[in-house]
Number of protein chains: 2
Amino acid sequence: MTKSPVIDPRRTLTLRDVSEASGVSEMTVSRVLRNRGDVSDATRERVLEAARTLGYVPNKIAGALASQRVNLVGVVIPSLSNMVFPEVMTGISETLEDTGLQPVVGVTHYSPEREESVIYEMLSWRPSGMIVAGLEHTDAARAMLAQAGIPIVEVMDIDGAAVDSAVGISHYRAGRQMADAILAAGYRRIAFLGTMMPNDHRARKRLQGFEEVLSRTGLALADREFYSGGSALLKGREMTAAVLNRSPDVDFLYYSNDMIGAGGLLHCLDRGIDVPGKVGLAGFNGVELLDGLPRKLATMDACRLEIGRRAAEIIAAKHPDGIIGGEVIELFPTLQPGDTIRRG
Amino acid sequence: MTKSPVIDPRRTLTLRDVSEASGVSEMTVSRVLRNRGDVSDATRERVLEAARTLGYVPNKIAGALASQRVNLVGVVIPSLSNMVFPEVMTGISETLEDTGLQPVVGVTHYSPEREESVIYEMLSWRPSGMIVAGLEHTDAARAMLAQAGIPIVEVMDIDGAAVDSAVGISHYRAGRQMADAILAAGYRRIAFLGTMMPNDHRARKRLQGFEEVLSRTGLALADREFYSGGSALLKGREMTAAVLNRSPDVDFLYYSNDMIGAGGLLHCLDRGIDVPGKVGLAGFNGVELLDGLPRKLATMDACRLEIGRRAAEIIAAKHPDGIIGGEVIELFPTLQPGDTIRRG
DNA sequence: ACGATGGCTGTTAGCGGTAACATAGGCGAT
DNA sequence: ATCGCCTATGTTACCGCTAACAGCCATCGT
């Protein structure tokens, strides 16, 4: 607006302002503020002093455009409201901390279309890398990621084809493993309780692995119950009540996540049901919340922190020039039997 | 690197590529992609087709620099791992959704220094607005925010001086209100259990209000216990056990958040303590987790969703030219007595 | 027929930095 | 003194896009 030479006191400052205030060229100021190249101590002091008193904040937009370098890493996750993704974020942040890279979060609410648009939006800021939850994306999203020319890490899941790198666990195998443990403990009439969401591919894969093991033993799920939305703990209670009413003879409840599992556990204890004698329970995730429950729910930890760390390491690794990528890192969750499965 | 005229197939695309592929000027392409200005339908189609087949993703860095407009809103919060801030985020996202603005999250881990650096980092991207949790900041951070020339909204708390606008509740008053309710129910030997963190100013203010009411009635806290880190639910149990051992005659436990309150409640129920007859309990926040507990913990909701919404509305409101700002919106939490305070 | 009008497209000049190169001294070795 | 070389600083040319303005052409009223 103001093209007049009159100095607008509310105009935001530029390098030129600092340069004039300290009597050196803009380039020198730039060098001081980025700690790059040789600058004499006297000059450095003068510049820093000027920048400080003016309250100069550099414009990274201009800097990024000129240098073709952006210190941002896009992180695309389905949700922030269940404990799992925040913990992945923690792992990412920790690891990125001393690399100068900064995570930027986008949330998709489990919608593929939203995911596509979030990815598009993020790529338009030309980040140095992208971390995306899951392997399932729209074709357009996959194409954009593949073309972006930056490291891409798909996290949480490794059952499928990755665009570039991947870090996660096999949910399919996790489901099988839990089924094995449950069968080994002698349970036979097993019910599944989980989310309705058709786009929660990881829960789907766990269930698939789980059912495969059952059917190979000549069994099938005795009952199943789905939910969506609401307080997971409360939903867990309600679903459990529904299942136990409908199928009084079930002897095991397999939940797609720990939160509803915890609700189910509380319900069983309320009803005075013998856990794990009459009914066993298991969840998934290994959330620390469980530590405070009256009885420890059987679960499998999803290696969330570790996944975040490893993903960030891949992004931060300066694959100098030749972008290598294409790593797939499988982590192995451990079964935590807790107190809700009969001990062999 | 490649200054040669040879086309690098991995070079990222620019407007020029789309312009050449569709036979119109860059400017026209830009207009099509932004839906701005008049473009004939035929041209529009041709451009969109070209952009789609090439897989062009605009460079917002260049766009932002040229237009001096950035569709980002910085959101600075202490943590993602307790349910409260994600819910504020939800309110913000919802409201920003149809404004073209996009939230960018930064996490401070309750450290003022980290907060300062996160704010600096964010301002250097020249966002359209900033939403920052709390009113307590370093002098430098406050100065940067004040000088930024964009709307600033400080959220959660209104007990103090705002840089620009503020949306939140009075935690001081919330503490007083809870104390009134507890005293009214006849409890007299009251203990406080809360976080150690010196930078959780809101918990501090609640406690301050709480103690003021007690002391005005000639009472003082019968005991107090602090924690930091770890599973809040478990910590709640442990702290509660410690307090009940040390001070067997307390008749009320006031927790600084619902999560430890829930742990405390579970502990009391385990021990078969008469709640709320012998011992009453109350927390703070109104997290939906509580709905699934065996007994509903008394709490006060912190209006988190609403705070997020109102803050985003202030940012999104196109205060055309004349930046008005300076609004302070106080919300009023409601006391939810639940089942853990004796009913008068 | 003619300027006025309006729809559509192109041209020019930056936005605020940084890479790359150029330059001015100062100093020791020859 | 001459040269080379290093240190400290300045100059120039963009990065990829958009605001602002300048054309051009068909249509329209008179």
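These figures come from a predicted structure and were not determined experimentally. Order of the sequence lines sets the chain letters (A, B, ...), proteins ahead of strands, with each chain counted from 1.
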Using a cut-off of less than 4.0 Å, is there contact between a side-chain N or O of B:Q68 and OP1 or OP2 of C:dG14? no
Atom CG of A:N71 to atom C1' of C:dT18: distance rounded to whole Å? 15 Å
Could you check how far CZ of A:R36 sits from P of C:dA20, rounded to whole Å? 12 Å
Selected nucleotide, minimal atom distance to B:T28 side chain, candidates C:dG17, D:dT18, C:dG10: C:dG10
Phosphate OP1/OP2 of C:dG17: any A:Y56 side-chain N/O under 4.0 Å: yes
Starting at atom CD of B:E26, determine the distance to atom P of D:dC15, rounded to an integer number of angstrom. 11 Å
Report the distance from atom CG of B:L65 to atom C1' of C:dG17, rounded to the nearest whole Å. 8 Å
Give a yes or no on whether a salt bridge exists between A:E327 and A:R310, defined as a side-chain N under 4.0 angstrom from a carboxylate O. no
Checking C:dG16, C:dC8, D:dT9 against the side chain of B:D38 (C-beta onward), the nearest is C:dC8
Take B:P58 and A:V39, find for each the nucleotide of DNA chain D with the closest heavy atom, and name the residue whose nucleotide sits nearer the 5' end. A:V39
If you assign each of A:R31 and B:G23 to its closest nucleotide in DNA chain C, which residue comes earlier from the 5' end? B:G23
What is the distance from CZ of A:R126 to C1' of D:dG16, rounded to the nearest Å? 9 Å
Candidates C:dT9, D:dC17, C:dG16 - which lies nearest the side chain of B:T14: D:dC17
Whole angstrom is fine here: how far is it from CE in A:M27 over to P in C:dT23? 17 Å
Could you tell me how far apart A:R16 (CZ) and C:dG14 (C1') are, to the nearest whole angstrom? 14 Å
Are the charged groups of A:R309 and A:E313 less than 4.0 angstrom apart, N to O? no
Toward the 5' end of DNA chain C, which comes first, B:S25 or B:A66, by nearest nucleotide? B:S25
Considering only heavy side-chain atoms of B:R69, the closest of C:dG16, D:dA19, C:dG10 is D:dA19
Indicate whether the side chain of B:H109 and that of B:E115 have a donor and an acceptor atom separated by less than 3.5 Å. no
Would you indicate, yes or no, if C:dG7 has its OP1 or OP2 atom less than 4.0 angstrom from a side-chain nitrogen or oxygen of B:S40? no
Any side-chain donor-acceptor pair under 3.5 Å between B:T90 and B:S93? no
For B:I61 and D:dC15, what is the distance between atoms CD1 and P respectively, to the nearest whole Å? 14 Å
Between B:S30 and D:dT18, is there a side-chain N or O to OP1/OP2 distance below 4.0 Å? yes
Of the candidate nucleotides C:dA19, D:dA19, C:dC8, which contains the atom at the shortest distance from the side chain of B:R34? D:dA19
Determine whether the side chains of A:N199 and A:E136 contain a donor N or O and an acceptor N or O closer than 3.5 Å. no
For A:S67 and D:dC15, is the shortest distance between a side-chain N/O and OP1 or OP2 below 4.0 Å? no
Side-chain ion pair, A:R31 and A:E26, N-O less than 4.0 Å: no
